[in-house]
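Quick notes on the structure that follows.
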2 protein chains.
Amino acid sequence: MVTNELKLSSSGDRMLAVLSLFTIDRSEWTVDVAAEELGVSATTAYRYFKRLTNAGLLSPVSRASYVLGPAIVQMDRQIQICDPMLRAGRTVMKDLIRYATEGSVLLLCRLFHDRVMCVHQVAGRGPLEPVSFERGRLIPLFLGATSKIILAHLPPRTLKSLFMQNAVAIADSGLGNTWDEFRQRLSTLRRDGAAVARGELDPGRVGIAAPIFEGHSILGSLSFLLPAERTDDTLIGRLAPLTIAGAREIERAMSQQAAAATASPARVRVAR
Amino acid sequence: MVTNELKLSSSGDRMLAVLSLFTIDRSEWTVDVAAEELGVSATTAYRYFKRLTNAGLLSPVSRASYVLGPAIVQMDRQIQICDPMLRAGRTVMKDLIRYATEGSVLLLCRLFHDRVMCVHQVAGRGPLEPVSFERGRLIPLFLGATSKIILAHLPPRTLKSLFMQNAVAIADSGLGNTWDEFRQRLSTLRRDGAAVARGELDPGRVGIAAPIFEGHSILGSLSFLLPAERTDDTLIGRLAPLTIAGAREIERAMSQQAAAATASPARVRVAR
DNA sequence: CGTGCAATTGTCAAAATACGAAAATAAGCA
DNA sequence: TGCTTATTTTCGTATTTTGACAATTGCACG
């Protein structure tokens, strides 16, 4: 029988697996239940929880339950302040949003395992319909411009195995029914330099996404989300090059940061 | 010789200690340097980094460096959405901020080890001077109204050991020069139900803080930060009871949440 | 202010694995 | 292509981890 549980060979991995139990749907765990879920004894589960609590990654709440802890909030702040892509992206995005029509949003996203995560979001002028793809949320690699342009730049062997395991999802999202079709579509995306998708994630929105690289490997993407009713091909034709240019700017800013960091050891000046 | 390094007896703890290497001042680490800092072999450090990277807690960046990873952003979102105190606090704070003068801020803070962390912040109307105590940031237990009101409600034995180890910091922050004075001041704070401090963290601000409990143990505090020039005793006299009432509301909302969660297993309904 | 029940922390020997050193690969870079 | 640096493997040994059980703590409830 094939299980889709991750094979965890070492004890350290098992302890970290505790963290992945905590999801939005199940945000509180008791030690007992977690022990059962993980397939370890209660004693061991208590040990894991204690360590994670000491590290601040978990925090006890009333009556024997635990939730994710404050160290996460702290580290998130650190990422906000220090993460190279986020730092570079923030500046560029603040600038770029001015070109957007009312009700638009800019997203900065990042590849994470086999999905894509939004790490920053800048809203434009005007009333804003809610964006379902908010900061911290994961979406599949096959849905939306944001994801597709990242997908298109994954290494061939990764693509092959993704295709094998997700043929249905891939067909559903219009990326082709055969491996050859799939390869073809992605190749086109790469040539165009940007992906455009209509209403794949949020019904009322059009997405335009450009890839962000570090060296030769794909890191994430920068995308415009525009209100569908006010978006035609002319607008897309104008904003696509802008998005691509923005992505290049982010890359440039990142490599400059990296160079500066090498010259004098990486220190960001901030109030502590 | 006394070292102030944490004694880490187990391997799991050592692995988690990797995470605490990452600070705002040193947000990028190479495996080699981290290995040296942790006092483990390079091989072991590679193992730790690999595990943490698999869990998404770290993320490689160019040229052999690592930074905190995307799982943290994801978990932070989860906390934003699910954390009982944050959920309860958000609602109450949005309401409460209306009572504040221009340029005010409301903070929701939480005890974390021997410090206090801001977990949520709501700005009032009007131009806002920067608040140094922003979300995710830690401050000592002895500085500012926010901290002092939490300190005042720690269990006696904790207070005793805190006093022993921080006599200087405590004296500096006006909490007393002797154990008896210290006890006296804290007792007064407890009786008042709220702490008031002027310019202890940000020079131009006055803080009014009320404690938030869960059961009998102190969890955190709710505080108003007001612009000092527009704040007199009359205003403080009005806002202090409001702050206290807000804290009680948060407690009530939390216990209601907990009750609801027990009735039907804890699930928060959110778009995924 | 006990009493009882659940939560949590020791104890200990067997079993698993983490450890470091050195060698082997892989990955940039010129 | 070579060269340097980063990362993974290998392997025998020492250390930890693990789980069953016992002991203890800590609330909640009367």
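Residue numbers start from 1 in every chain, and the chains themselves are labelled A, B, ... in the order their sequence lines are given, proteins ahead of strands.
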*Take the angle between the ring planes of B:His153 and B:Phe213 and call it parallel below 30°, perpendicular above 60°, tilted in between.*
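Perpendicular.
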_Over 60° means perpendicular and under 30° means parallel, so tell me whether A:Phe22 and A:Phe49 are parallel, tilted or perpendicular._
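Taking A:Phe49 first and then A:Phe22, their aromatic rings sit tilted (interplane angle of 30° to 60°).
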Which one, [options], comes nearest to the side chain of [X]?
X       : options               : answer
A:Val31 : D:dA6, C:dA21, C:dT8  : C:dT8
A:Ala64 : D:dA6, C:dT8, D:dG19  : C:dT8
A:Ser41 : C:dG10, D:dG19, D:dT7 : D:dG19
A:Arg14 : D:dT8, C:dA21, D:dT18 : D:dT18

*asked:* Tell me the interatomic distance from A:Phe49, atom CZ, to D:dT17, atom P, rounded to whole angstroms.
replied: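 Atom-to-atom, A:Phe49 to D:dT17, this comes out as 17 Å.
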*Separation of atom NZ in B:Lys50 from atom C1' in D:dT8, rounded to whole Å*: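 Distance, rounded to whole Å: 6 Å.
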Return the polar atom pairs (N/O with N/O) between nucleotides 25-30 of chain C and the protein under 3.5 Å, or none.
none

*asked:* If you assign each of B:His216 and A:Val40 to its closest nucleotide in DNA chain D, which residue comes earlier from the 5' end?
replied: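 Nearest-nucleotide comparison on DNA chain D picks A:Val40.
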*Are B:Glu251 and B:Arg248 ion-paired here, with the side-chain N under 4.0 Å from a carboxylate O?*
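Salt bridge flag = yes for B:Arg248 with B:Glu251.
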*Donor-acceptor pair, B:Asp192 side chain versus B:Ala194 backbone, under 3.5 Å?*
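No; judged by distance alone, with no hydrogens or angles, the pair does not exist.
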*Would you confirm whether A:Arg90, through its side chain, and A:His120, through its main-chain N or O, come within 3.5 Å as a donor-acceptor pair?*
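Side chain of A:Arg90 to backbone of A:His120, a donor-acceptor pair under 3.5 Å: no, none is there.
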*Below 4.5 Å, heavy atoms only, C-beta onward: do A:Val18 and A:Arg51 meet side chain to side chain?*
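A:Val18 does not reach A:Arg51 side chain to side chain.
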*First encountered from the 5' end of DNA chain C, between B:Thr43 and B:Arg51*: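 Looking at DNA chain C, the more 5' nearest nucleotide goes with B:Arg51.
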*Check whether the side chain of A:Arg47 and the base of C:dG10 form a donor-acceptor pair under 3.5 Å.*
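Side chain to base: no pair present.
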*With a 4.0 Å cut-off on heavy atoms, is A:Tyr48 in touch with a base, just the backbone sugar-phosphate, or nothing at all?*
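If one applies the 4.0 Å heavy-atom cut-off, A:Tyr48 turns out to touch the sugar-phosphate alone, with no base involved.
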